[in-house]
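Structure first, then comments.
Worth saying up front: this structure is predicted, and the values here are computed from it rather than measured. By convention here, the first residue in the shown sequence is residue 1.
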Amino acid sequence: MRTLRLHPVEKVACLERCSLFSGLDATTLRELAGVASAEEYERGELLFTQGEAAEGLFIVGKGKVKIYRLSDDGREQVIHVLTPGQPCAEVPVFEGTRYPAHACALVKTTVLCFTRRTFLDEARRKPEILLNMLAALSRRLRHMVKLVDDLSLKDVGARVAGYLLEHASGNCVRLEEPKKILAGRLGTSPETLSRTLGQFQADQLVTVDGKVIHLLDSLGLQALADGQQ
């Protein structure tokens, strides 16, 4: 990790994209930018580790951050992949607890960082931040409930079919992340993911062209995602 010197305008632009600071006036955003540090992480570098005291809140400026947990046998479960504008670790920082997962840069990534004390001071001064935080937590809770349901109630084929339908643009899905990361998000292994996509091709549900997956039978995929096949 190295500290960067970002122009205040760049910091404000990053904060404007973040749901935690939605609706704040320009003056407040400039003040927040003034107390935020900018940090750059290389691909594979950890922002924090599970169990570490939560002393910093991060906003992704550029790049991607993977939030994940490790099972006792070393298996990785990806919880979130954060993109520019998304916050990270606001809950443990607010509570004063420990980070509940690991955070790792998937590519060279720039983040804005607020210390716990700074964030709490600003939240007390601007209650809108706390209201925005409640909305963000509601969205995250819905995501976690869906994740738990998918992992506990659906098989790999259903999870893969659901992912393809959810992320399709037209009849195509472009895989923007390595297969290992996608497999981790779906609670499976890269080998099983490859076999599942291969079976989808054999069943004429999709065709795979490098990182682009073409959906041939959306109704068939929906039936799989709903557990009807």
Side-chain angles (χ1 to χ4, degrees), residues 1 3-4 11-12 14-25 28-41 45-72 74-106 109-152 181 184-185 187:
M1 182 271 289
T3 301
L4 301 178
K11 290 184 177 181
V12 168
C14 177
L15 295 176
E16 285 177 330
R17 293 196 299 269
C18 180
S19 59
L20 288 183
F21 308 115
S22 175
L24 297 184
D25 59 79
T28 300
L29 288 173
R30 286 195 296 270
E31 291 172 352
L32 284 167
V35 297
S37 62
E39 299 172 352
E40 183 179 73
Y41 291 81
E45 193 172 1
L46 289 169
L47 282 70
F48 55 78
T49 60
Q50 182 177 334
E52 179 184 349
E55 295 295 340
L57 177 152
F58 303 87
I59 312 296
V60 181
K62 296 179 182 178
K64 292 182 180 181
V65 173
K66 174 180 67 173
I67 308 299
Y68 66 100
R69 291 173 64 93
L70 294 174
S71 65
D72 291 340
R75 188 169 59 86
E76 181 180 291
Q77 173 62 57
V78 179
I79 301 171
H80 297 286
V81 174
L82 304 178
T83 54
Q86 292 187 290
C88 175
E90 64 273 27
V91 175
V93 165
F94 183 77
E95 291 181 332
T97 54
R98 298 181 180 276
Y99 295 118
H102 304 279
C104 173
L106 285 176
T109 298
T110 301
V111 298
L112 293 187
C113 182
F114 294 94
T115 65
R116 180 171 185 269
R117 175 173 292 182
T118 297
F119 178 70
L120 292 180
D121 287 346
E122 294 300 327
R124 293 187 187 101
R125 193 170 65 88
K126 284 288 184 178
E128 300 98 312
I129 295 176
L130 296 180
L131 294 176
N132 289 340
M133 185 173 171
L134 283 175
L137 291 179
S138 295
R139 291 191 293 271
R140 193 160 294 175
L141 179 60
R142 288 196 296 271
H143 169 81
M144 293 303 296
V145 169
K146 182 179 183 300
L147 179 63
V148 170
D149 282 348
D150 285 350
L151 293 177
S152 60
I181 302 301
R185 294 180 72 172

note = Closest heavy-atom pair, Cys18 versus Ile59, reported as atoms and distance to 0.1 Å, is SG-CD1, 3.6 Å
message = Going by the rule ring pair (Phe, Tyr, Trp, His ring centres under 6.0 Å), which residues pair with Phe94 if we only count those two or more places apart in sequence or in a different chain?
response = none
request  = Would you please test Leu32 and Leu24 for side chain to side chain contact (heavy atoms under 4.5 Å, CB included) and show each step?
outcome  = CA-CA 10 Å; Leu32 284 167; Leu24 297 184; 3.7 Å; yes
task = Please indicate whether Arg125 has more than 12 foreign heavy atoms, meaning atoms of other residues, nucleotides or ligands, lying under 6.0 Å from its CZ.
result = yes
ask   = Looking at Gln86 and Leu82, what are the two nearest heavy atoms and their distance?
value = OE1-CA, 3.2 Å
Closest non-hydrogen atom pair, Thr3 against Met1 = N-SD, 4.1 Å
note = One should read off an interatomic distance between Leu70 CG and Gln77 CD, to the nearest 0.5 angstrom, of 10.5 Å
query = Between Thr49 and Glu52, is there a donor-acceptor pair closer than 3.5 Å when you use the side chain of the first and the backbone of the second?
reply = no
request  = Please say which of Cys88, Cys104, Pro100 ends up in a side chain to side chain contact (heavy atoms under 4.5 Å, CB included) with Ile67.
outcome  = Cys88
task = Would you confirm whether His102, through its side chain, and Gln50, through its main-chain N or O, come within 3.5 Å as a donor-acceptor pair?
result = yes
message = Working note: Leu47 + Phe58, criterion side chain to side chain contact (heavy atoms under 4.5 Å, CB included); need CA distance, chi angles, decisive distance, verdict.
response = CA-CA 9 Å; Leu47 282 70; Phe58 303 87; 4.0 Å; yes
query = Does Arg69 reach the main-chain N or O of Ala101 with its side chain, forming a donor-acceptor pair under 3.5 Å?
reply = no
key: Least distance between heavy atoms, Pro92 atom then Tyr99 atom   = CG-CD2, 4.2 Å
message = If we ignore hydrogens and angles and just use 3.5 Å, is the side chain of Glu39 paired with the main-chain N or O of Thr110 as donor and acceptor?
response = no
query = Got a second to check how far Leu29's CG is from Phe21's CZ, nearest 0.5 Å?
reply = 8.5 Å
key: Donor-acceptor pair, side chain of Arg30 and main chain of Val12, under 3.5 angstrom   = no
request  = Specify whether Phe119 and Phe114 have parallel, tilted or perpendicular ring planes, treating 30° as the upper limit for parallel and 60° as the lower limit for perpendicular.
outcome  = tilted
Run the side-chain donor-acceptor check on residues 127-136: report pairs under 3.5 Å with partners two or more places apart or on a different chain.
from   : atom 1 : to     : atom 2 : distance (Å)
Asn132 : ND2    : Leu20  : O      : 3.0
Asn132 : ND2    : Ser22  : O      : 2.8
Asn132 : ND2    : Glu128 : O      : 3.4

message = Can you tell me how far apart CD (Glu122) and CG (Leu57) are? Round to the nearest 0.5 Å.
response = 12.0 Å
query = To the nearest 0.5 Å, how far apart are CZ in Arg116 and CG in Asp121?
reply = 10.5 Å
message = I need the minimum non-hydrogen distance between Val60 and Thr83, along with the two atoms involved.
response = CB-O, 3.5 Å
ask   = Under the salt bridge (Lys or Arg N to Asp or Glu O under 4.0 Å) rule, what pairs show up with a residue in residues 58-67, not counting sequence neighbours?
value = Lys66-Glu76
task = Taking Arg17 for its side chain and Gly61 for its backbone only, find out whether a donor-acceptor pair lies under 3.5 Å.
result = yes
note = Looking only at heavy atoms, the pair that brings Pro84 and Gly63 closest together is CD-O, 3.3 Å
